[in-house]
K.L.:
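Can you keep this structure in mind? I'll have questions shortly.
Side chains are part of it too, since the values below use all heavy atoms of this structure and drop only hydrogens, waters and symmetry mates. Chain A is the first sequence line, chain B the second, and so forth, proteins listed ahead of strands; every chain is numbered from 1. Remember, predicted model here, so these are calculated numbers, not experimental data.
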Amino acid sequence: MSFQFPKINKMIQIKDFKNFDGKTVDTQGWVMNKRSGKGLEFIILRDGSGFAQCIVNADDVSEDIFNTANKLTQESSVKLSGKIVKDEKQIGGYELHVTDLELIGTSVDYPISNKEHGIEFLMDHRHLWLRSKRQWAILKIRNRLIYAINTFFQKEGFVQTDSPIFTPNAAEGSTTLFSSKYYDDDAYLAQTGQLYGEAMAMAMGKIYTFGPTFRAEKSKTRRHLSEFWMIEPEMAFHDNAMNMDVIESFLKYIINDVLENCKTELELLERDTTVFKNISSERFPRLTYDEAVDIIKGKKKINGKTSIEVLEADLKELKQQIEDNKAEIKAKEKEIAGGVKKGKRNFLQNRIDTLKNDIHKLEIKAGNIPKWIESAANFEYGNDFGGSDETVITIMFDVPVMVYNWPHKIKAFYMKRDAASPELAKGVDVLAPEGYGEIVGGGERETDLNLLLSKIEEHKLPMKEFEWYLDLRKYGSVPHAGFGLGLERTVAWVCGTQHIRETIPFPRYYGRLRP
RNA sequence: UCCUCCUUAGCUCAGUUGGUUAGAGCGUCGGACUGUUAAUCCGCAGGUCCUAGGUUCAAGUCCUAGAGGAGGAGCCA
């Protein structure tokens with residue numbers, strides 16, 4: 001039995017233009033941009049499925065229609081009829097030669113132009129910013145990642161079971177939570193579904209949750225959101241080594257799926273996909289916390305180099321790049337001073353602005369490296385890694401790095417202690433390359449009831465709220481493990497975005513609640 | 001909570017040791033142009049220089065306080 005989507009209307013979507021070469025079709029969408037020549041209007045149409053240039057020629061349409069086309073403004077909505085013609089120069093490879101045009105909705109003084117805007121302005125207009133090409137590409141990739149994540153787990157026999165969002169207490173202690181009211185009780189928005197995931201894994205074997213999580217950390221960095229989506233698989237009868245195997249094949253699967261199915265979007269984002277070239281073939285490095293610390297402190301060589309040497313080489317390269325950019329600016333400025341036509345001058349000035357911007361970014365980077373070297377050298381064994389420490393580790397490799405066997409003191413109460421070395425807990429963090437930070441955190445869960453009891457006391461957590469959780473250890477407890485993947489950090493890494501706030505339609509972060 | 005930087009036209013920004021009537025590009029609007037790719041060319045309009053106070057003959061520029069924003073630290077996915 002096959003299912004057929006109902007034929008609701010005869011409108012052809014832009015993504016399907018390739019199937020109608022030479023045919024006359026009806027389509028509808030919004031005007032992204034318009035260029036005019038005498039007797040010619042070039043409309044860049046978007047309909048959510050893609051982008052296409054539509055040409056209105058005064059010879060082909062009535063005077064009324066041509067005038068309507070001539071008056072179209074950015075983001076007005078239109079219904080078009082026309083012939084689909086192949087043109088290699090176009091984004092989708094096809095353009096529409098318009099024979100009929102109908103204005104659906106007007107648009108006056110649309111605030112977002114094709115020129116650059118500052119982040120605050122764009123965020124205030126997030127509801128409209130979503131219409132831009134770049135945001136379209138990011139949301140398409142986000143969508144594909146979600147699809148790939150679900151496909152991977154469903155194929156592997158995981159059951160999707162969701163955890164509650166209202167919770168009576170903090171699951172992990174440390175983090176600040178958003179408080180709320182639940183009838184007459186105090187409640188908090190969930191920071192993780194972890195504990196509930198364990199209960200569901202004891203019922204279903206292998207499960208995953210996929211939902212929003214909330215953290216009231218006053219973090220203003222490119223890696224933080226107050227509301228973000230997390231995928232948390234939990235597997236009965238798995239230890240941490242098996243957990244790491246799952247994480248690695250999972251990441252390989254979803255990255256490959258996006259690379260294969262989002263070529264247009266990645267191209268539009270100008271994402272350098274060569275950074276992913278070793279993802280499928282190379283085994284992700286698995287470092288113990290101790291080994292990672294040695295790398296940070298420059299005691300351990302990778303490919304014959306210490307982290308300090310790599311950082312110093314990077315710094316030298318950055319400085320050279322800054323010098324090169326400065327030289328190019330000088331040359332361009334000289335050219336402008338010599339007198340050139342307006343078009344050429346704009347072009348040169350634009351290039352100069354880009355270079356200046358780059359220099360600014362490079363200088364910030366170059367300024368950071370000595371700080372990183374210093375903070376790496378002073379790293380104290382037993383501490384958690386800071387942002388710079390993570391970067392130092394990941395620059396040594398071109399694939400994600402797994403760090404496991406952490407000091408138990410800096411990890412959550414439910415993490416399993418290593419029987420061989422009691423100071424360590426069997427947790428694992430996965431660090432994404434290029435400074436995108438920790439995308440996965442997970443580990444094996446403690447099964448020893450007494451250890452759990454003492455840990456809950458140690459963390460000063462309310463024992464009463466954990467009684468149901470401790471039941472899981474009383475009735476047929478088994479070794480189990482799981483992890484959490486931050487969706488937005490993963491999207492940011494895949495897309496190569498500067499900031500995580502572009503990776504979710506309406507971001508919530510410290511200082512931003514609307515739109 | 002702490003550190004650094006920013007706030008000038010609708011947008012992105014420049015504005016010299018404080019000195020006449022505050023500038024540019026883009027966008028809008030009007031015009032030219034029959035294949036444009038952020039089109040190009042010509043023209044018009046557009047300002048509470050974040051707010052309050054202070055120094056000064058004179059403040060966009062200096063000082064103090066406040067508001068808003070960006071980046072980072074800590075914390076984290």
Side-chain angles (χ1 to χ4, degrees), chain A residues 32-44 51 53 55-60 71 73-74 85 87 89-91 95 97 108-125 132-133 172-176 191-192 194 212-232 341-347 349-350 352-353 356-357 360-361 364 367-368 371 375 383-388 390 410-412 429-432 436-442 483-493 498-501 503 510-512:
Chain A
M32 274 203 101
N33 196 9
K34 193 183 60 125
R35 290 178 282 273
S36 338
K38 182 168 184 176
L40 272 179
E41 295 292 338
F42 301 92
I43 298 164
I44 309 301
F51 308 90
Q53 173 165 276
I55 296 153
V56 186
N57 190 323
D59 296 341
D60 299 342
K71 291 276 180 291
T73 52
Q74 199 185 353
V85 176
D87 183 357
K89 284 180 290 185
Q90 304 307 323
I91 301 174
E95 61 180 25
H97 290 198
V108 181
D109 294 332
Y110 186 71
I112 300 177
S113 70
N114 290 324
K115 261 284 191 170
E116 59 190 333
H117 296 284
I119 191 77
E120 190 190 358
F121 178 82
L122 289 170
M123 272 303 165
D124 286 343
H125 296 86
S132 318
K133 266 185 192 166
E172 291 182 346
S174 62
T175 330
T176 330
Q191 65 179 152
T192 168
Q194 159 72 48
T213 44
F214 308 88
R215 300 194 183 174
E217 294 157 352
K218 291 183 177 176
S219 300
K220 285 177 76 104
T221 83
R222 66 185 59 166
R223 296 188 307 279
H224 287 87
L225 289 170
S226 304
E227 177 182 305
F228 64 97
W229 288 68
M230 197 150 62
I231 296 91
E232 296 184 281
K341 277 197 174 164
K342 196 175 171 184
K344 177 89 173 166
R345 196 182 73 212
N346 286 347
F347 179 79
Q349 192 57 51
N350 212 326
I352 289 173
D353 291 348
K356 277 186 178 169
N357 212 337
H360 184 70
K361 282 184 197 159
I364 289 172
N368 276 336
K371 286 185 212 158
S375 112
N383 283 350
D384 207 346
F385 299 151
S388 72
E390 287 178 357
I410 53 171
K411 288 291 177 187
D429 282 1
V430 180
L431 309 175
Y436 284 98
E438 189 184 336
I439 51 169
V440 169
F483 62 93
L485 173 89
L487 178 66
E488 286 77 16
R489 281 198 184 168
T490 310
V491 176
W493 169 46
Q498 176 72 18
H499 206 293
I500 196 166
R501 65 180 63 148
T503 62
Y510 184 53
R512 170 74 57 183

K.L.:
So, is A:Arg489 near the phosphate of B:A77, with a side-chain N or O under 4.0 Å from OP1 or OP2?
P.N.:
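No.
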K.L.:
Check whether any side-chain nitrogen or oxygen of A:His125 sits under 4.0 Å from OP1 or OP2 of B:C11, and answer yes or no.
P.N.:
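So the side chain of A:His125 is outside the cut-off, no N or O lying under 4.0 Å from OP1 or OP2 of B:C11.
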K.L.:
Using modelled atom types only, decide if a donor and an acceptor are shared between the side chain of A:Thr213 and the backbone of A:Phe228 within a distance under 3.5 Å.
P.N.:
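Side chain of A:Thr213 to backbone of A:Phe228, a donor-acceptor pair under 3.5 Å: yes, one is there.
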K.L.:
Distance between the P atoms of B:C62 and B:U16, in whole angstroms?
P.N.:
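So the two P atoms sit 9 Å from each other.
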K.L.:
Could you tell me whether the phosphate oxygens of B:C75, OP1 or OP2, come under 4.0 Å of any side-chain nitrogen or oxygen in A:Arg215?
P.N.:
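A:Arg215 to B:C75 OP1/OP2: no side-chain N or O under 4.0 Å.
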K.L.:
Taking the C1' atom in each of B:C49 and B:A14, what is the distance between them to the nearest angstrom?
P.N.:
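Pairwise C1' distance, B:C49 against B:A14, rounds to 13 Å.
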K.L.:
For the C1' atoms, the ones on B:A70 and on B:G54, what distance do you get once it is rounded to whole angstrom?
P.N.:
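Straight-line distance between the two C1' atoms is 29 Å.
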K.L.:
Across the strands shown, which category fits A:Ile44 at heavy-atom distances under 4.0 angstrom: base, sugar-phosphate, nothing?
P.N.:
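Contact class for A:Ile44: none.
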K.L.:
Between A:His224 (NE2) and B:G71 (C1'), how many Å, whole number?
P.N.:
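From A:His224 NE2 to B:G71 C1': 14 Å.
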K.L.:
Judged by atom type as modelled, is there a donor-acceptor pair below 3.5 Å linking the side chain of A:Arg223 to the main-chain atoms of A:Arg489?
P.N.:
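Not at all, since once roles are kept as given, no pair shorter than 3.5 Å links the two residues.
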K.L.:
Please give, in whole Å, the distance from B:C11 P to A:Asp124 CG?
P.N.:
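Atom CG in A:Asp124 sits about 10 Å away from atom P in B:C11.
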K.L.:
Considering only atom C1', compute the distance from B:C29 to B:G10 and round it to an integer number of Å.
P.N.:
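Going atom to atom, C1' in each nucleotide, I get 13 Å.
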K.L.:
Which heavy atom in A:Leu225 sits nearest to a heavy atom in A:Arg501, and how many Å separate them?
P.N.:
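Heavy-atom minimum between the residues: CD2-CA, 4.2 Å.
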K.L.:
So A:Glu438 and A:Leu431, do their side chains get closer than 4.5 Å, heavy atoms only?
P.N.:
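Touching, per the 4.5 Å side-chain cut-off.
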K.L.:
Which class fits the ring pair A:Phe121 and A:His125: parallel under 30°, tilted 30 to 60°, perpendicular over 60°?
P.N.:
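Plane angle between 30° and 60°, so tilted.
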K.L.:
Could you please name the option among B:G72, B:A38, B:A77 that lies closest to any side-chain atom of A:Thr221?
P.N.:
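Output: B:G72.
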K.L.:
How far, in whole Å, is B:A58 from B:C3 if one measures between their C1' atoms?
P.N.:
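Straight-line distance between the two C1' atoms is 36 Å.
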K.L.:
Of all heavy-atom pairs between A:Lys71 and A:Lys34, which one has the smallest distance, and what is that distance?
P.N.:
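Where A:Lys71 meets A:Lys34 most closely, the heavy atoms are N-NZ, 4.4 Å.
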K.L.:
Across the strands shown, which category fits A:Gly437 at heavy-atom distances under 4.0 angstrom: base, sugar-phosphate, nothing?
P.N.:
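No contact.
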K.L.:
Nearest to the side chain of A:Arg223, which nucleotide is it out of B:A73, B:U12, B:A70?
P.N.:
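Among B:A73, B:U12, B:A70, the one nearest the side chain of A:Arg223 is B:A73.
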K.L.:
For the side chain of A:Glu217 and the backbone of A:Thr176, is there at least one donor-acceptor N/O pair under 3.5 Å apart?
P.N.:
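A pair under 3.5 Å: no.
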K.L.:
Please report the distance, rounded to the nearest Å, between CZ in A:Arg512 and P in B:G71.
P.N.:
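In whole Å, B:G71 P lies 11 Å from A:Arg512 CZ.
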K.L.:
In whole Å, what is the span from the CD atom of A:Glu120 to the C1' atom of B:C6?
P.N.:
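For the pair A:Glu120 CD and B:C6 C1', the rounded distance is 11 Å.
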K.L.:
I'd like to know if A:Ser219 reaches the base of B:G74 with its side chain, counting only an N/O donor and acceptor under 3.5 Å.
P.N.:
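When only heavy-atom distances are counted, A:Ser219 does reach the base of B:G74 through a donor-acceptor pair under 3.5 Å.
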K.L.:
Could you say whether A:His499 or A:Val430 is positioned toward the 5' end of RNA chain B, judged by the nucleotide with the nearest heavy atom to each?
P.N.:
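On the 5' side of the pair lies A:His499.
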K.L.:
Hey, is the main chain of A:Ala432 close enough, under 3.5 Å, to the side chain of A:Glu390 for a donor-acceptor pair?
P.N.:
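Such a contact is absent between A:Glu390 side chain and A:Ala432 backbone.
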K.L.:
Write down the distance separating the P atoms in B:U40 and B:G27, rounded off to the nearest Å.
P.N.:
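B:U40 and B:G27 have their P atoms separated by 7 Å.
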K.L.:
B:A70, OP1 or OP2 - any side-chain N/O from A:Lys220 closer than 4.0 Å?
P.N.:
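Affirmative; the distance criterion is met.
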K.L.:
What is the distance, to the nearest angstrom, from the CZ atom on A:Phe42 to the P atom on B:A39?
P.N.:
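Between P of B:A39 and CZ of A:Phe42: 11 Å.
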K.L.:
Give me the distance, rounded to whole Å, that separates B:G19 from B:C50 when you measure between the C1' atoms they each carry.
P.N.:
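The same atom, C1', in both gives a distance of 25 Å.
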K.L.:
Counting distance only, does the side-chain N/O of A:Ser219 pair as donor-acceptor with the main-chain N or O of A:Thr221 below 3.5 Å?
P.N.:
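Side chain of A:Ser219 to backbone of A:Thr221: no pair is present.
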K.L.:
Can you tell me if A:Lys218 touches the phosphate of B:U1, counting only side-chain N or O atoms and a distance under 4.0 Å to OP1 or OP2?
P.N.:
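Result: yes.
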K.L.:
In dot-bracket, 5' to 3', how would RNA chain B read with Watson-Crick or G-U wobble pairs under 3.5 Å, [ ] for crossing ones and | for pairs to another strand?
P.N.:
(((((((..((((.....[...))))..((((.......))))......(((((..]....))))))))))))....
K.L.:
Hey, is the side chain of A:Asn33 poking within less than 4.0 Å of OP1 or OP2 on B:U36, counting only N and O atoms?
P.N.:
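For B:U36, OP1/OP2 do not have a side-chain N/O of A:Asn33 under 4.0 Å.
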K.L.:
For the side chain of A:Glu95 and the base of B:G35, is some donor closer than 3.5 Å to an acceptor across the two?
P.N.:
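Indeed there is one.
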K.L.:
Report the distance from atom CZ of A:Phe228 to atom C1' of B:C75, rounded to the nearest whole Å.
P.N.:
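Taking atom C1' of B:C75 as the reference, CZ of A:Phe228 is at 12 Å.
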K.L.:
Using a heavy-atom cut-off of 4.0 Å across all strands, would you classify A:Gln74 as base, sugar-phosphate, or nothing?
P.N.:
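It contacts nothing in the nucleic acid.
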K.L.:
What interatomic distance, in whole Å, is found between C1' of B:U64 and the corresponding atom of B:U21?
P.N.:
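That atom pair is separated by 31 Å.
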K.L.:
Do any side-chain nitrogens or oxygens of A:Arg501 fall under 4.0 Å of OP1 or OP2 in B:G71?
P.N.:
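It does, given that an N or O in the side chain of A:Arg501 lies less than 4.0 Å from OP1 or OP2 of B:G71.
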K.L.:
Side chain to side chain donor-acceptor pair (under 3.5 Å), that's the test. Do A:Ser36 and A:Glu41 meet it? Break it down for me.
P.N.:
CA-CA 5 Å; A:Ser36 338; A:Glu41 295 292 338; 3.2 Å; yes
K.L.:
Tell me the closest heavy-atom pair linking A:Arg215 and A:Thr192, and the distance in Å.
P.N.:
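That would be NH2-CB, 4.4 Å.
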K.L.:
Can you tell me how far C1' of B:G25 sits from NE2 of A:His117, to the nearest Å?
P.N.:
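About 13 Å, once rounded to whole Å.
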K.L.:
Can you tell me the distance, in whole Å, between the CD atom of A:Glu217 and the P atom of B:A73?
P.N.:
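It works out to 13 Å between those atoms.
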K.L.:
If you assign each of A:Ile55 and A:Phe385 to its closest nucleotide in RNA chain B, which residue comes earlier from the 5' end?
P.N.:
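Residue closer to the 5' terminus by nearest nucleotide: A:Ile55.
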K.L.:
Under 4.0 angstrom, heavy atoms only, what part of the nucleic acid is A:Arg222 near: base, sugar-phosphate, or nothing?
P.N.:
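Sugar-phosphate contact only - A:Arg222 comes under 4.0 Å of backbone atoms but never of a base.
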K.L.:
Which letters describe nucleotides 29-34 of chain B, given B = protein heavy atom under 4.0 Å from base, S = only from sugar-phosphate, - = neither?
P.N.:
----BB
K.L.:
Of all heavy-atom pairs between A:Ile112 and A:Gln74, which one has the smallest distance, and what is that distance?
P.N.:
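The pair with the smallest heavy-atom distance is O-NE2, 3.0 Å.
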